[in-house]
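Since we're looking at a predicted model, the values are computed, not measured. Convention: sequence-line order gives letters A, B, ...; per-chain numbering from 1.
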Protein chains: 2
Amino acid sequence: MLARLMDLFRNAGFDGASLSDISASTGLGRSSLYHHFPKGKEEIALQVLAHLEDQLEESLFEPMRSSGTPEQKLARMLDTVDRFYDGGKKACLLERLCASVDARRFRRPLHRAFMTWIDAVESLGVEAGIPPASARHRAEDLVVRIEGALVVCAGTGDTSVFARTIRDLRDSVLAPVSRG
Amino acid sequence: MLARLMDLFRNAGFDGASLSDISASTGLGRSSLYHHFPKGKEEIALQVLAHLEDQLEESLFEPMRSSGTPEQKLARMLDTVDRFYDGGKKACLLERLCASVDARRFRRPLHRAFMTWIDAVESLGVEAGIPPASARHRAEDLVVRIEGALVVCAGTGDTSVFARTIRDLRDSVLAPVSRG
DNA sequence: GTCTATAACGGGATAGAC
DNA sequence: GTCTATCCCGTTATAGAC
């Protein structure tokens, strides 16, 4: 159910998703929704966001801390990301919630989600022997490029930019430091 | 006036900007708005988008075709971008309109705006002697990273990522091809 | 818990006087 | 061109029966 809601918010954003949409996508009537989420739409979005954080932890971050070489773990992470965004065809919930009126409501979980992601990639870089400062910058860059590629693909309708971005990241994130 | 409307749509997005907001930000009453924009809110957004395209042409793309070394023109372009987004504090109208319900309404101008931008940077790379394919990829990458940095900054509230991204682009976009 | 019904409000859009 | 007044609809949210 939270999965279906996440799809909805990814497609429509917070402002674009109406209670009617939410009702249709869950099969629950208005009253049932307010039974489960007494504080209404904002609470629904926050729970969906919390669900995404759990999902990221389980499918992205936890595998990055388990066994394997940093290269293998990076490759697995990018595979998961590629599948999650369907090769650039699906939007990012984090980005969609950043772009909503009064995004301050979501700032704390959004900040946490981005930071956890960046931290995980940074650790991977450090594990691979990259100097901490460079590892940090590259980790930020990975998230920046994935989010940016999703925006450009959504705007142009061309997913090749996302595919190429993922491919580039595969090689560049853990490459030996020569130019940073 | 279109400038004020652009600020509004950059802040609130298409779905988040109500006619009341539009009325307040322009000082025009409802009827005056429909006098100037008979087809309502969608037409307003389209005209704001067209205004942005003009502005980009004048302040970004045209200077990139004028005199100066490619390095100088890239630096000027990034300076303008940095000012335009206020160092990462302000959102991008293109991204905001990508993230609205039924973004297909804006697909054509959005596609055109992104492509014109990418093309201009590509030309700069070719002018600097970079192989066409690499120049294209780097140009796409520049736009991707700028958009992505804006998203991450909006989500984390930390503009340092945008500042570092601009700094990196200054050096990397026209660097000699060694690793792509 | 879920339903039907409805309140209370704000949204986009129009009509007609001036 | 702008104003006042208004329509119609969708929105969030609540009440009360079952």
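In this structure, CE of B:M1 is placed 12 Å from P of D:dG1, rounded to the nearest angstrom. Remark: P of C:dA13 and NZ of B:K39 are 12 Å apart, rounded to the nearest angstrom. We find that NE2 of B:H35 is positioned 17 Å from P of C:dA13, with the value rounded to whole Å. If you take CG of A:L19 and P of D:dT14, they are 11 Å apart, rounded to a whole angstrom. Between B:D15 atom CG and C:dG12 atom C1' there is a gap of 13 Å when expressed in whole angstrom units. Regarding A:I44, its CD1 atom lies at a distance of 9 Å from the P atom of D:dT12, rounded to whole Å. The separation between B:L28 atom CG and D:dC3 atom P is 7 Å, rounded to whole Å. Straight-line distance from the CG atom of B:L33 to the P atom of D:dT4: 14 Å, rounded to whole Å.
For C:dT14, the OP1/OP2 oxygens have no side-chain nitrogen or oxygen of B:Y34 closer than 4.0 Å. The phosphate of C:dT2 (OP1 or OP2) has a side-chain N or O of A:H36 nearer than 4.0 angstrom.
Using a 4.5 Å cut-off on side-chain heavy atoms (C-beta onward), A:E53 and A:P109 make contact.
When atom types are taken as modelled, the side chain of B:S23 and the backbone of B:L19 share no donor-acceptor pair closer than 3.5 angstrom.
A donor-acceptor contact under 3.5 angstrom links the side-chain atoms of A:S31 to the base of C:dT4.
When the nucleotides C:dG12, D:dT12, C:dG11 are ranked by their closest atom to the side chain of B:K41, C:dG12 comes out on top.
By the 30° and 60° cut-offs, the orientation of the rings of A:F14 relative to A:F9 is parallel.
Of the residues near DNA chain D, A:P38 and A:D21, the one whose nearest nucleotide (by heavy atom distance) lies more toward the 5' end is A:D21.
Using a 4.0 Å cut-off between a side-chain N of Lys or Arg and a carboxylate O of Asp or Glu, B:D141 and B:R145 qualify as a salt bridge.
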